Peer 1: 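Below is one structure. I have some questions about it.
Remember, it's a predicted structure, so these values are computed and weren't measured experimentally. What's counted below: heavy atoms across the whole structure, side chains too, no hydrogens, waters or symmetry copies.
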Amino acid sequence: SAVVFPKKIVTEQQSLMLVKRLLAVAVSCITYLRGIFPESAYGTRYMDDVCVKILREDKNCPGSTQLVKWMLGCYDALQKKYLRQIVLAVYTQLEDPQTVTECYHFKFKYTHNGPLLDFGSNDKKSDSTITCADTKKASILLIRKIYVLMQNLSPLPNDVCLTMKLLYYDEVTPPDYQPPGFKEAKDGGLLFNEEPMHLNVGEVPTPFHLLKLKITTEKQRMENVDKNILKQGETADPLQVCGVSRDDPEEER
């Protein structure tokens, strides 16, 4: 459906729906602009006045169908307030999914009766002051920034694979919980062959949720990115893609 912004976000359900839609738009934009799936795997929608591509199940593209299934699993964990982070990683060697070339970190915070995750000094607003206009502005800014960054990064190799890992708030998540489409991870974190560079893309607050996106890619891929874009996002933090995650889905080309 069209990606519409509610006039008010007064219930947790309204907030959850917006976060789900925003996550779908962000993942779709990233995979579209990085050339991971063919044009046929996307439909066109409008988010306010911004034209966006939305990933859909395409019988001619098993990878897009798999990613849609993973997203539904993410929604399940998000709805239960278990989900802490999604790591969508791109790798090039089918036999070595732990060595990645680019990854996208979506972090989540639940602000009412749920776990809190402090994102640091950037999160200055208290949840009582967040208006629907704030959420809408931050959402459009996040998507526009994804577009600008993706169009400025050097291309990925022609033949790439995707994997998705989920990390949870362990204090509230049942030890045996696995959302649909996922299984327990038997490995540790992810590694980069080349020197990685981190970009904080942005964050979107609602009165009930906070979504934050960070990109990690190989430094040489950033050479064409305008330095003004990097100014606020570039960080010198050591790479900590993920520690031990409990979920490691089947990889799909």
Peer 1: Could you pull out all residues at least two apart from K20 that satisfy salt bridge (charged side-chain N to carboxylate O under 4.0 Å, His left out)?
Peer 2: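 For K20, no residue satisfies salt bridge (charged side-chain N to carboxylate O under 4.0 Å, His left out) once neighbours in sequence are set aside.
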Peer 1: Taking the side chain as every heavy atom from C-beta outward, state whether H105 and Q85 have any pair of such atoms under 4.5 Å apart.
Peer 2: yes
Peer 1: Looking at CD1 of I9 and CD1 of I130, how far apart are the two atoms once the value is rounded to the nearest 0.5 Å?
Peer 2: 9.0 Å
Peer 1: If the condition is side chain to side chain donor-acceptor pair (under 3.5 Å), which residues does S15 pass it with, not counting sequence neighbours?
Peer 2: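 For S15, the residues satisfying side chain to side chain donor-acceptor pair (under 3.5 Å) (neighbours in sequence not counted) are T206, H209.
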Peer 1: Only counting residues at least two apart or in another chain, list the ones meeting side-chain contact (heavy atoms from CB on, under 4.5 Å) with A26.
Peer 2: F106, I143, I146
Peer 1: Residues two or more places apart in sequence or in another chain: which of them pass side chain to side chain donor-acceptor pair (under 3.5 Å) with E57?
Peer 2: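 With sequence neighbours excluded, E57 shows a side chain to side chain donor-acceptor pair (under 3.5 Å) to no residue whatsoever.
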Peer 1: Please identify each residue that fulfils salt bridge (charged side-chain N to carboxylate O under 4.0 Å, His left out) with D76, with sequence neighbours left out.
Peer 2: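 Counting only residues at least two positions away or on another chain, D76 forms a salt bridge (charged side-chain N to carboxylate O under 4.0 Å, His left out) with K80.
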Peer 1: Sort and list the pairs that fulfil ring-ring contact (aromatic ring centres under 6.0 Å, His included) and have at least one residue in residues 132-166, not counting sequence neighbours.
Peer 2: none
Peer 1: Hey, could you give me the CD/CG distance between E203 and L141, rounded to the nearest 0.5 Å?
Peer 2: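 It is 11.0 Å, given to the nearest 0.5 Å.
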Peer 1: Would you find a donor on one side and an acceptor on the other, under 3.5 Å apart, between the side chain of T111 and the backbone of P207?
Peer 2: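 Yes, because the side chain of T111 sits within donor-acceptor range (under 3.5 Å) of the backbone of P207.
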Peer 1: Tell me whether S28 contacts the main-chain N or O of I54 through its side chain, where contact means a donor paired with an acceptor under 3.5 Å.
Peer 2: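 Checking the backbone N and O of I54 against the side chain of S28, no donor-acceptor pair under 3.5 Å is found.
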Peer 1: How long is the straight-line distance from CD1 of I86 back to CG of L78, given to the nearest 0.5 Å?
Peer 2: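 Those atoms lie 7.0 Å apart.
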Peer 1: Restricting to pairs with a member in residues 94-105, which pass salt bridge (charged side-chain N to carboxylate O under 4.0 Å, His left out), not counting sequence neighbours?
Peer 2: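 Applying salt bridge (charged side-chain N to carboxylate O under 4.0 Å, His left out) to every pair that reaches into residues 94-105, excluding sequence neighbours, yields R34-E102, E102-R221.
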Peer 1: Sequence neighbours left out, what passes salt bridge (charged side-chain N to carboxylate O under 4.0 Å, His left out) with R144? Give chain and number order.
Peer 2: D49
Peer 1: Could you state whether Y75 and M17 fall into the same hydrophobic cluster, counting links through intermediate Ile, Leu, Val, Met, Phe, Trp or Tyr residues with side-chain heavy atoms under 4.5 angstrom apart?
Peer 2: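 As far as the 4.5 Å side-chain criterion goes, M17 and Y75 are not connected within one cluster.
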Peer 1: Kindly write out the residues that satisfy side chain to side chain donor-acceptor pair (under 3.5 Å) with Y32, not counting sequence neighbours, or none if the list is empty.
Peer 2: E39
Peer 1: Set out, in order, the CA-CA distance, both residues' side-chain angles and the distance that settles side chain to side chain contact (heavy atoms under 4.5 Å, CB included) for F192 and V100, then state yes or no.
Peer 2: CA-CA 5 Å; F192 273 80; V100 301; 3.6 Å; yes
Peer 1: Who are the side chain to side chain donor-acceptor pair (under 3.5 Å) partners of E195, not counting sequence neighbours?
Peer 2: none
Peer 1: Can you hop from V204 to V10 via hydrophobic side chains spaced under 4.5 Å?
Peer 2: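 Different clusters: V204 never reaches V10 through Ile, Leu, Val, Met, Phe, Trp or Tyr contacts under 4.5 Å.
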Peer 1: Give, for atom CD1 of I30 and atom CG of L153, the distance between the pair rounded to the nearest 0.5 Å.
Peer 2: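 Nearest 0.5 Å value for the CD1-CG distance: 10.5 Å.
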Peer 1: Decide whether S40 and D58 meet the rule of one side-chain donor and one side-chain acceptor closer than 3.5 Å.
Peer 2: yes
Peer 1: Is a salt bridge present between E12 and K81, judged by a nitrogen-to-oxygen distance below 4.0 Å?
Peer 2: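 Counted as a salt bridge, because a side-chain N and a carboxylate O are separated by less than 4.0 Å.
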Peer 1: What pairs with A77 under side-chain contact (heavy atoms from CB on, under 4.5 Å), at least two apart in sequence or on another chain?
Peer 2: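 Expected list: L83, Y168, Y177.
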Peer 1: Return the CE to CD distance between M197 and Q220, rounded to the nearest 0.5 Å.
Peer 2: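 It is 12.0 Å, given to the nearest 0.5 Å.
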Peer 1: Taking atom CG of L55 and atom SG of C29, what is their separation to the nearest 0.5 Å?
Peer 2: 10.5 Å
Peer 1: Using modelled atom types and a 3.5 Å cut-off, is there a donor and acceptor pairing between side-chain atoms of T101 and backbone atoms of Y91?
Peer 2: no
Peer 1: For T131 and D134, does a side-chain donor sit closer than 3.5 Å to a side-chain acceptor?
Peer 2: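 Yes, a side-chain donor-acceptor pair sits under 3.5 Å.
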Peer 1: Among the clusters formed by ILVMFWY side chains lying less than 4.5 Å apart, do V172 and L166 turn up in the same one?
Peer 2: yes
